[in-house]
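Some notes on the structure that comes next.
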Amino acid sequence: MPVWFNPSHTIDQALREVAALMPEFDPEFDPGVRPADPRFGDFQANGVLSFAKKHQVNPRELAQSLIDAAQASNHFDPNMVELSLAGPGFINFKLSTAFLWQWQLDYSTKADYQSGAMQLKSGRKVVIDYPSANTAKQAHIGHLRPMVIGQAIARILDFCGAELVRDNHIGDWGTNFGTLIMKIKRDEIDLNALNEDALATLDKLYKDGSALEKEQPDLRDISRKELVLLQNGDPDNTAIWEQIVKISKIAFEQLFDQIGVEVDITLGESFYRNKVDRIYEELTEIGLAEHSDGALVVWHDEVKKFSRENERPYPFNIRKSDGASNYASTDLATVLYRLEKFKAEEIIYLTDARQQDHFEQLFLTTNKWFKAKGYPLPEMQHVFWGSILGADKKPLKTKSGESIKLQELLDEARARAYEVVTKKNPEFPEQERKAIAESVGIGAVKYADLSSNRTQDYVFSWERLLSFEGNTAPYLLYAVARINSIFRKAEIDPSEPLIGASPIETEAELALARRLMGFVTALELTINDLRPHFLCTYLYELAGTYSSFYNADKVMVSDEAVKARRLILCARTRTVMQTGLELLGITALERM
RNA sequence: GCUCCCGUAGUUCAAUGGAUAGAGCAGCGGUUUCCGAAGCCGCAAAUGGCAGUUCGAAUCUGCCCGGGAGCACCA
């Protein structure tokens, strides 16, 4: 009989079943199972404490009776798990060595690990809205986090069984096109004549156009008219717009390839241009939308900050007073499309923290609207993040105060990593050093972005993120490279099964075996909060536990049975590390 | 005026309301005839302040202090 893949879940289920048969408990009882401090055991159940408090009974006595009933049931094999009472009423679960070892034997491949993870999001229809960059603007460092965080979240959701649609909801229909078209016409720019710097040129044209509008406010009216012309299907403006979008897409796809951003569909705001009328109609029909200063808006007076009673009223503006659609109109149309087209049960938006008000208004509006129309309401989540700061704790900029171009950042990462690799391993072929620099450099930038809690700002430091010490990509990659080195020297394929192993027994072996079991818990934490740093922390701890094991217990010993069991632990560590890194979008290396 | 994010060791980051708040760097001290020392082991060092909720608070609530951000016709 195989051992439990996810002991935390199994213990939780078993305790619920046991408690269901006991008069002391009721269906409200939540066992509260979670990984425990290793000093006390592998898992602990805290739920008895709050339950006992609520029902005015002695928590220790209640916990003891649950332990007794659990042990009397057939759920807990005493050879596999030991239950004990501790403190004010904790129940500790200590897995036996037999369990830990059997687990390593039963679950060995990526597919095995995934089969356990699939329960987490099985079949759930999820639309993830990322990276959703704007058109006609060069990508800068601000575009890094949506790409990196979004890509990791998407891969993890996919791994955990979600039916995922990665929707690149590009901003290709906004007010900036009015300015851009005005400037392009004014300067008589031929977009077809632009070369590979096309996007940089567009970027500059927009900036210059905006500056011009500030100097000559009457140009703003021209820009506005150009936008309305575009939105009404004017052929000239449409042709210009198509060129701009094309140039932008080509440039962004180059970045996506480098960063590992995967996209299933690209439906920009323009896609919804014919779908916004229905939004205006439905929201007006149900009495949600009303006119205000010529615009069509939705008020959420029950939320204080959006109330019209405020000194500065803050409605959700869904149609501008000139009749044009905006961010809100297209986002509302997009929600409806995702529901009707993809049957979305969950929608995840990735944008920076400054847009929280917009999404709060969007979610409130959708909630009321779908309720009134009887549409099923998808779960909607806004994943946001803090800024990337420089050493001075201010948003990272170039020395001259410009925002750092994303391409330049990536190139610098490669160059710095190449320098390190060449210094450490000058004998490696040039091509391999380049490949290593690619993985280490880009991986380090991504990992720096993923490894800290996304809602906080983080300080960007080349020195730290490329360091081989601490919670960095190079440290993790190094751990994998060392494992590969062992298999290379032993001339053993790490993916082949190993036979003749004796059961683990040393402290370092047991610690590593325990750590390996934590992968699914790390994925679960990551998915619950959509915070990839939980997975990063786990992989860092796994690499550390492996390094301790590596130092304490030599793998290539003469005792074949001991060697085999240690090689098994190495192979498992390698698989989990590689799988985890892949989910984060980092490529593990054979050597580095 | 109405809000949001954040405040943990000298520093950069962890801690799904749970037991003695964990790491990296920097500092100090060990460790290599042995699989990659880019490693490992150890020492020292922190929850902005005051109340409250709770059996239990870095975590939840309120107020205060400090940093950053937002407040309709940009996205």
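So that the names make sense, note that chain A is the first sequence line, chain B the second, and so on, each numbered from 1. Heavy-atom basis, side chains included; hydrogens, waters and symmetry copies ignored. The structure presented is a predicted model; accordingly, all values stated were derived computationally and were not measured.
- Where A:Gly47 and A:Ala481 meet RNA chain B, the nucleotide closest to each residue was compared, and A:Gly47 sits on the side nearer the 5' end.
- For A:Thr455 and B:rC6, the shortest distance from a side-chain N or O to OP1 or OP2 is below 4.0 Å.
- When the nearest nucleotides of RNA chain B are assigned to A:Leu49 and A:Arg354 by heavy-atom distance, the more 5′-ward of the two goes with A:Leu49.
- Counted by atom type alone, A:Asn425 and A:Arg433 present zero donor-acceptor pairs between their side chains at under 3.5 Å.
- Here A:Gln456 does not reach the OP1 or OP2 of B:rC13: none of its side-chain N or O atoms lies under 4.0 Å away.
- For B:rC35, neither phosphate oxygen OP1 nor OP2 lies less than 4.0 angstrom from any side-chain nitrogen or oxygen of A:Lys563.
- The aromatic ring of A:Tyr314 does not sit over the base of B:rA72, since the test of centres under 5.5 Å and planes under 30° is not met.
- Expressed to the nearest 0.5 Å, how far CZ of A:Phe487 lies from CG of A:Asp493 amounts to 8.5 Å.
- For the pair A:Thr175 and B:rA75, the criterion of a side-chain N or O lying under 4.0 Å from OP1 or OP2 is met.
- Distances shorter than 4.0 Å separate none of the side-chain N or O atoms of A:Gln355 from OP1 or OP2 on B:rA69.
- Rounded to an integer number of Å, the gap from CZ of A:Arg39 to P of B:rG18 is 14 Å.
- Remark: A:Arg224 is not in phosphate contact with B:rC73, judged by side-chain N or O atoms under 4.0 Å from OP1 or OP2.
- The base of B:rG24 has none of its N or O atoms less than 3.5 Å from a complementary donor or acceptor on the side chain of A:Asn471.
- Close to B:rC41, at under 4.0 Å from its OP1 or OP2, lies a side-chain N or O of A:Ser548.
- The phosphate of B:rC34 has neither OP1 nor OP2 within less than 4.0 Å of any side-chain N or O from A:Tyr550.
- Separation of the A:Phe363 and A:His300 ring centroids does not fall under the 6.0 Å cut-off.
- Within the shown strands, B:rC28 is the pairing partner of B:rG42 under the Watson-Crick or G-U definition, both distances less than 3.5 Å.
- Using a 4.0 Å cut-off, some side-chain N or O of A:Arg34 falls inside it from OP1 or OP2 of B:rG18.
- An OP1 or OP2 oxygen of B:rA15 is reached within less than 4.0 angstrom by a side-chain nitrogen or oxygen of A:His533.
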